[in-house]
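Report on one structure; see the data block that follows.
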Amino acid sequence: MTGTDLIPAETFAHHPELSMVRLSPDGQHIALRADLDNGKTHALMIYALNDMAHPFMLRMPTNELPNNIVWVSNKRLIVEKARRFGAFDAPMATGEIITTDIDGKHQDYLYGYDAAKQSSRGYTRSDDQGSGFYDGQPDMPNDHFYMRTYPWQSNRSSFLYDVDSVRNTRHLIGDINLDGMSFLVGPDGTARFAYGRDDNWDFVMFRRMNGQWTPVRATQSSGSFIPWGYAPDKTRIYASYSVAGEPASLVEQDEDGGNRRILAKDGFGEIERVQWTAKPEVPFAYITSTGYPKVQYIDPNLPTAKLHMALSLKFPGEFVDFINFSQDGGLLLFKVSSDRDPGVFYLIDTRTYKVSKLFSVMPEIDPAKMASRRPIRFTASDGKELEGYLTLPPGRPESDLPMVLLPHGGPIDVRDDWFYVGEDSDNTDAQFLANRGYAVLQVNYRGSSGRGYGFKEDGYLKWGTRIQQDLIDGVKWAIDQKIADPKRICVYGGSFGGYSAMMTVIRAPGMFKCAVGFAGIYDLQMMYSKGDIKSRKSGRSYLTTVIGKNDADLAANSPDKLADKIDVPVLLVHGEEDQRAPIEQFKAMRDALDAAHKPYQTLVKPGEGHGFYDEKNTVEFYNTLQAFLEKHIGKGA
């Protein structure tokens, strides 16, 4: 690309400023999460829609942020808190729930591990030690909500409470002697279903009948049945349903499982982003988790479906996502986004059809200058059909391009999708690289989400083998399609993608010209002794499940033990305060490359965690990455 085509790295380094926008039940206010101070701090902000001036701001402590924002009445909200450890990790819920009025008064700490400390600040409870999560609310907002808890002092039990957020009182409406269960509350205000995965990661489900929990054999062990809510008649339920690990369908059925009706099904991908009418809520449309987000209408004759169709015509090439209605259905908050547009929030009066623009997620991004993202499918070397996305540089021939393989993190239960900012992903890196003239290939390898639980299980114990082969097979497909110049291919990834950057080079010698690992895991055995995953029981169980404990296997799939097989220049990037992939992982890889006399360069930043937050550091990384790729597969190669 010419110099005038290049968008400054600073543009791509900006954090999304506003997210999680929610409309109040009376349609008078909106609440949202704001990223402040170069993304270092976060806040809950509440605007009055009549003038959008003088918003209330509840600033969160450093590295803490709203993980969920829920209106429980016209004047009161609850916020589930989370902690962020770096740019590559989704925020981790802390299990804390706080509440506030729209003017910042009557703030309280409703549940969480920090209850005793918060009580000393004047809040009203000090006996909580555990994790609490929002699990629904009554149909009519009345300051109450349902909260599931996992108290530390209990013996592996799950509890469900009806919580009064004003009085900070609660009463028990369900409990079960299993850890980590979720609940569905029935029309009578008591827990009707409990469901989740047991210690063997088998799906289990219970229905409360005559005061007792009765096991329900809804699926096979790798299937799932997630009840979403009651239909308007309050006798039938909507649920996500998978029999044996295949992509889940959307169903409507009786409580006892009878008269099940499939509302939406796709044999390849999951049903997601279901669109709902105003109360009483009915699902009217959906998209699938793979490919281009083509909206499918369950009942195209519903007035809300017709409204969605009309708005979609106004925003061609974009996805219209209904966020929430006011209680009376008179106002609707919706978001419009695409592969090139990070998103814009709008408000529509459903009576007059007047549309008002509210906020852009990333106002500095000009969608017209971004690259389009193309869904792809190909057959892996063992016959499995895989999918992913190809981002091509605008204005360039679509053949013999220098290409960057960009593996996503995780690896389990995470995926790349079509959107600029997706459910699991932020595709800013792909846009930056495409703007620099590179084709970008992203593959949803085995273990990724979106294809059903069975596809996710296919990635267990295969981090360094089948997963890497899926990525390599994707590169071979791009070469066969004449998209990629086989002499100009590099691999770059963050987190597990950093691991893959080293492992693909090892597994496919001669395929790549360079490799970039950012905040990568390079020694699998070290995950049991360092980093935050091993600090939790669930984390240790995760490690045993997905990488195993066989020392020989761990060594055979650790890049630092195989550095002598790396035949390309390497760039290692890391934050010194990384808790997920601690700096010792970087040091192990660096020392291994030294011992093997392999060429590499590094970029290490103090104060940074699992991915860079400081925009100045991100800009430096992007410029370093650009120069590194230019040297090895660009014009300067």
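- In terms of the side chain to side chain contact (heavy atoms under 4.5 Å, CB included) criterion, residue partners of S338 (sequence neighbours excluded) are, by chain and number, E318, R340, D341, W418.
- With ring centers used as reference points, H308 lies under 6.0 Å from Y297.
- Here E387 pairs with F268, T290, R377, Y389, N444, R451 under the side chain to side chain contact (heavy atoms under 4.5 Å, CB included) rule; sequence neighbours left out.
- Here K306 pairs with nothing under the side chain to side chain donor-acceptor pair (under 3.5 Å) rule; sequence neighbours left out.
- For L461, there are no side chain to side chain contact (heavy atoms under 4.5 Å, CB included) partners two or more places apart in sequence or in a different chain.
- For the salt bridge (charged side-chain N to carboxylate O under 4.0 Å, His left out) test, residues two or more places apart in sequence or in another chain that qualify with E252 are R236, R261.
- A donor-acceptor contact shorter than 3.5 Å is absent between the side chain of T304 and the backbone of T277.
- Residues R33 and E64 are not paired through a salt bridge, judged by the lack of any N-O separation under 4.0 Å between the basic side chain and the carboxylate.
- A salt bridge links R446 to D470: one of the charged nitrogens lies within less than 4.0 Å of a carboxylate oxygen.
- Annotation: cation-pi geometry satisfied between R197 and Y453 (NZ/CZ under 6.0 angstrom from ring centroid, within 45° of ring axis).
- Ion pairing between a basic and an acidic side chain is recognised when a charged N comes within 4.0 Å of a carboxylate O; E246 and K265 show no such pairing.
- Figure legend: R273 and F322 shown without cation-pi pairing, the cationic atom not lying both under 6.0 angstrom from the six-membered ring centre and within 45 degrees of its axis.
- Take E364 and apply the side chain to side chain contact (heavy atoms under 4.5 Å, CB included) test, not counting sequence neighbours, and it matches T11, H14, E17, M362.
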